[in-house]
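We count residues from 1, following the sequence as given.
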Amino acid sequence: MKKSACIIVLALLLFITGLSQVAGIPREETLIVDVLSGRAGSPGNFNVFTSAWRNPDRGIQQLILEPLWIVDPTTGEVINALASEEPIYNKDFTQMTIKLRKGCYWSDGVEITADDIVYGIETAMQYTAMGSHDTFKLNVKKVYKTDNYTVVFELKEPNARFHANFIDRWGGWRPFPKHVFEKVDDPITFDFNPPISSGPYVLKDYDQAGYWTLYEKREDWERTPTGMLYGEPKPKYVLFYYYGETSNKVIAQANHNLDMTDLTIEAFRALTQRNPYTRAYRIEYPWIVNVDPCITGLTLNNEVYPYNIKDVRWALTLAIDIVDYIGIAFDGAAPMGVLHLPPTPYYLKVYYEPMEEWLKNFTLDIEVNGQPFKPYDPSATLRAAQYARERGYTVPNDINELKEMFGPGWWKYAPDVAEQLLIRNGFKRDKNGKWLLPDGTPWKITIINHPSPSHPSNRNGLAAAQQWRNFGIDVNVVTSESIQDITFFGNYEVSTNWPAPEPWGGHPDLDRVLSPFHSRVYKPIGEYAVQNGPTSRWTNPKLDKIVENMEKIDWNDPRNLELGMEGLKLLIEEMPTIPTFGYPGVVGWDEYYWTNYPGAENPYTQPYHHWPNLKYMLPYLEPTGRK
């Protein structure tokens, strides 16, 4: 640890003396971005086509790899990259055809053709350590080309979502060059160094210690999907640099040696006091990125008593004051999400707004003042705005702007109704108002929490603990670096894992969200669950049917949207997990050398430097001319 800290400090000192003296490249032509996943453990290995994790966000997925398709959660579209159009299925979904974009070339001058796709799939099926090996072995009967730009997959079973394996959303299978890999003895141990690029940049240099990787714009950038779709990227060089702790990022950007980085709210505030050129996704409060396609919240273990009781799950939900909750977690700067789906502008339009009336009329099986209780609270948005004003922040009065900022509503803070739900299930309070289980023992909840204090999961744990303590429950929060193993094996009561798997972000299809709750992937406590959905150990025959019907139709079929809404309604009715707020991404952009970042006032693409979409942002950036 001490050695690593010394290296980072030394690197910072070198950057302060001037990038041109360190790397011999002009700073004004270079975009410098942070690396989210950390220092590269194998800096000389650029083979990300195996199942091993090799820091793809050190620029590999952002600059030198073009996928067949890529999703953009900001614009709400699935972009045809190396593919020239959407996938083509036959009537029973047993065959899928891919049409490739013509005129795309690898950086060594060889054209990208169907031979690369066929070879890549066959190689993945041959070697167990290749990425997507199990998926392709399970689904693919045969893959072949009919011409240089057409690839056909014959599938073993009908599969209307097979193309999802090729959509880049921080992952997905990406083509690699046949003419390079076919000449090596073992594609698994092959370092792919130097990497041959299908994207607009090529590798120029990298740090042997794994802290930085430098890329240079291809001379033939126009022969890539990026160039064809968006034009020439503006930076000649892009440097990915891992600065470590947030304080190091603050120092680096304050000295104009880091253009794009992720931060905490506290670090962002500190940075703006030191660097007048720093800005966030939103220029003013609440600053945060509201297009991140992740919903945060709480996952309940539905196989552990009393969380196997729906009334208990709903009581815990109604014991939360969402405005106070988000105030504790992020000083109010996060959009509340009542659905098991992030409240991004895209999903507000596609799901939240169409479901608003249903939410308002939804009732629980309990009466208040002789009337069925309606738990939805659309006024929560206005309460969140009032919280912000009381904190001294300026927010608009327009309700639509407020919904985009703070979310369109959440569940009522109704501890009295929560109490009724518990009492009718045998719970009672002691003389001090603390809750007792039906057997008379104190009700104690242990929340397994994410170890990073700045992570939204961690903030959810702290906020939930405070809310439930206020309600009279004894809550213990345990932060653990082993949270994944603990929760995936089912050895917990409540965790801060995502309450539902992430959606695509740019397409209404919710198979990615709902299918992990299907009973076919259920694992009992003691067996390893494969995704966040199954960690709740909740299944339901109604959801199984919804998912199965969804998988039988094209993902663009209007019925697919209806099925998605049915699935969301069922999750609300049963509340196996509790969604709270959309992922509040905090980015810091330095406008000293570069401007026209995709901020909230001009959201032309997703705003993150670690997403593979970064290459589509670079043609829009503008140099300031400062040196």
Side-chain angles (χ1 to χ4, degrees), residues 297-329 336 338 362-377 379-380 383 387 410-449 459-479 487 490-496 499 525 536-538 571-581:
L298 306 161
T299 292
L300 311 176
N301 192 335
N302 285 235
E303 282 197 346
V304 172
Y305 178 83
Y307 314 101
N308 60 329
I309 302 172
K310 181 171 74 171
D311 279 357
V312 172
R313 300 193 295 265
W314 261 105
L316 290 173
T317 303
L318 297 175
I320 292 173
D321 179 342
I322 194 61
V323 175
D324 187 46
Y325 185 103
I326 297 177
I328 295 169
M336 61 188 78
V338 72
F362 170 67
T363 61
L364 294 180
D365 180 27
I366 195 166
E367 292 187 352
V368 175
N369 297 323
Q371 297 294 324
F373 178 66
K374 296 181 178 181
Y376 183 61
D377 179 16
S379 71
R383 293 196 294 115
Y387 168 91
W410 207 73
W411 306 116
K412 293 175 181 176
Y413 176 50
D416 54 334
V417 180
E419 183 171 30
Q420 291 184 55
L421 290 170
L422 293 177
I423 289 174
R424 78 178 185 183
N425 282 276
F427 289 73
K428 51 185 174 292
R429 293 184 186 267
D430 65 14
K431 62 182 181 180
N432 296 315
K434 298 292 185 180
W435 281 103
L436 305 175
L437 296 170
D439 65 2
T441 59
W443 185 9
K444 297 181 179 181
I445 296 177
T446 297
I447 300 175
I448 302 298
N449 203 15
R459 300 297 181 95
N460 267 281
L462 299 179
Q466 187 61 51
Q467 296 290 303
W468 292 341
R469 286 170 185 153
N470 293 343
F471 183 56
I473 304 173
D474 186 0
V475 183
N476 181 35
V477 179
V478 177
T479 59
T487 56
N491 301 317
Y492 77 101
E493 296 173 303
V494 179
S495 84
T496 56
I525 291 176
S536 68
R537 266 73 186 179
W538 175 82
L571 286 172
I572 285 174
E573 291 168 0
E574 295 292 326
M575 202 59 73
T577 62
I578 305 173
T580 54
F581 54 81

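N301 places no side-chain N or O within donor-acceptor distance of the main-chain N or O of V494, the cut-off being under 3.5 Å. With hydrogens and angles ignored, the 3.5 Å screen pairs no side-chain donor or acceptor of R313 with any backbone N or O of T577. Under a 3.5 Å cut-off, the side chain of R469 and the backbone N or O of V475 do form a donor-acceptor pair. Judged by distance alone, with hydrogens and angles left aside, the side-chain atoms of W468 form no donor-acceptor pair with the main-chain N or O of I445 at under 3.5 Å. K412 places no side-chain N or O within 3.5 Å of a backbone atom of D321 that could act as its donor or acceptor partner. A donor-acceptor pair under 3.5 Å is formed between the side chain of Y325 and the backbone N or O of N460. Side chain of N491 to main chain of T487: no donor-acceptor pair is present (N/O by atom type, distance under 3.5 Å, no hydrogens or angles).
More than 12 heavy-atom neighbours from other residues, nucleotides or ligands sit within 6.0 angstrom of CG on D430. Within a 6.0 Å sphere centred on CG of N369, other residues, nucleotides and ligands contribute 12 heavy atoms or fewer. More than 12 heavy atoms of other residues, nucleotides or ligands shown are found within 6.0 angstrom of NZ on K428.
Listed here is the closest heavy atom pair of A463 and A329: CB-CB, 4.4 Å. Shortest non-hydrogen contact noted between I366 and Q420 is CD1-CB, 3.4 Å. When every heavy atom of P442 is checked against every heavy atom of L437, the shortest pair comes out as O-CD1, 4.2 Å. Shown here for V477 and G461, the closest heavy-atom pair between the two residues is CG2-O, 4.0 Å. Between A418 and A319, the closest heavy-atom pair is CB-N, 4.4 Å.
The structure places CD of E493 at 9.5 Å from CG of N476, a figure rounded to the nearest 0.5 Å. A distance of 12.0 Å separates NZ in K374 from CZ in F362, rounded to the nearest 0.5 Å. Within the model, atoms CH2 of W314 and CG of L421 stand 9.5 Å from one another, a figure rounded to the nearest 0.5 Å. Here CD1 of I578 is found 10.0 Å from CD1 of I322. Values are rounded to the nearest 0.5 Å. We find the CZ-CG distance between F373 and L318 to be 5.5 Å, quoted to the nearest 0.5 Å. Separating the CG atom in L364 from the CG atom in D311 is a distance of 8.5 Å, to the nearest 0.5 Å.
With no hydrogens or angles considered, a side-chain donor-acceptor pair links Q466 and N470 at under 3.5 Å.
Using cut-offs of 30° and 60° on the angle between ring planes, the pair F427 and Y305 is parallel.
With a 4.5 Å cut-off on side-chain heavy atoms, I447 and Y492 do not count as touching. In this structure the side chain of T496 never reaches within 4.5 angstrom of the side chain of I448, judged on heavy atoms. By the 4.5 Å heavy-atom criterion applied to side chains, I473 and K434 are not counted as neighbours. Contact of the V312 side chain with the W443 side chain is registered, since non-hydrogen atoms from C-beta on lie closer than 4.5 Å. Proximity of V338 to W411: side-chain heavy atoms (C-beta onward) are separated by under 4.5 Å at one or more points. By the 4.5 Å heavy-atom criterion applied to side chains, L298 and S495 are not counted as neighbours. Looking only at side-chain heavy atoms (C-beta outward), W435 and E419 come within less than 4.5 Å of each other. Looking at P576 and L571, their side chains come closer than 4.5 Å, going by heavy atoms from C-beta outward.
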> Can you list the steps and then say if I326 with T580 is a side-chain contact (heavy atoms from CB on, under 4.5 Å)?
Replying inline: CA-CA 8 Å; I326 297 177; T580 54; over 6 Å; no

>> side-chain contact (heavy atoms from CB on, under 4.5 Å) for Y307 and L316? Distances and angles first, verdict last.
In response: CA-CA 10 Å; Y307 314 101; L316 290 173; 3.9 Å; yes

>> Assess the residue pair R383 and D377 against the criterion (salt bridge (Lys or Arg N to Asp or Glu O under 4.0 Å)); give the C-alpha distance rounded to whole Å, side-chain angles, the decisive distance to 0.1 Å, and a yes or no.
In response: CA-CA 10 Å; R383 293 196 294 115; D377 179 16; 3.5 Å; yes

>> Between L436 and T441, does the side-chain contact (heavy atoms from CB on, under 4.5 Å) criterion hold? Intermediate values first, please.
In response: CA-CA 5 Å; L436 305 175; T441 59; over 6 Å; no

>> side-chain hydrogen bond (donor to acceptor under 3.5 Å, both in side chains), that's the test. Do N302 and N308 meet it? Break it down for me.
In response: CA-CA 4 Å; N302 285 235; N308 60 329; over 6 Å; no

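Cation-pi check for R429 over F471 is met; the charged atom lies under 6.0 angstrom from the ring centroid and within 45 degrees of its normal.
The distance between the ring centers of W410 and Y376 does not fall below 6.0 angstrom.
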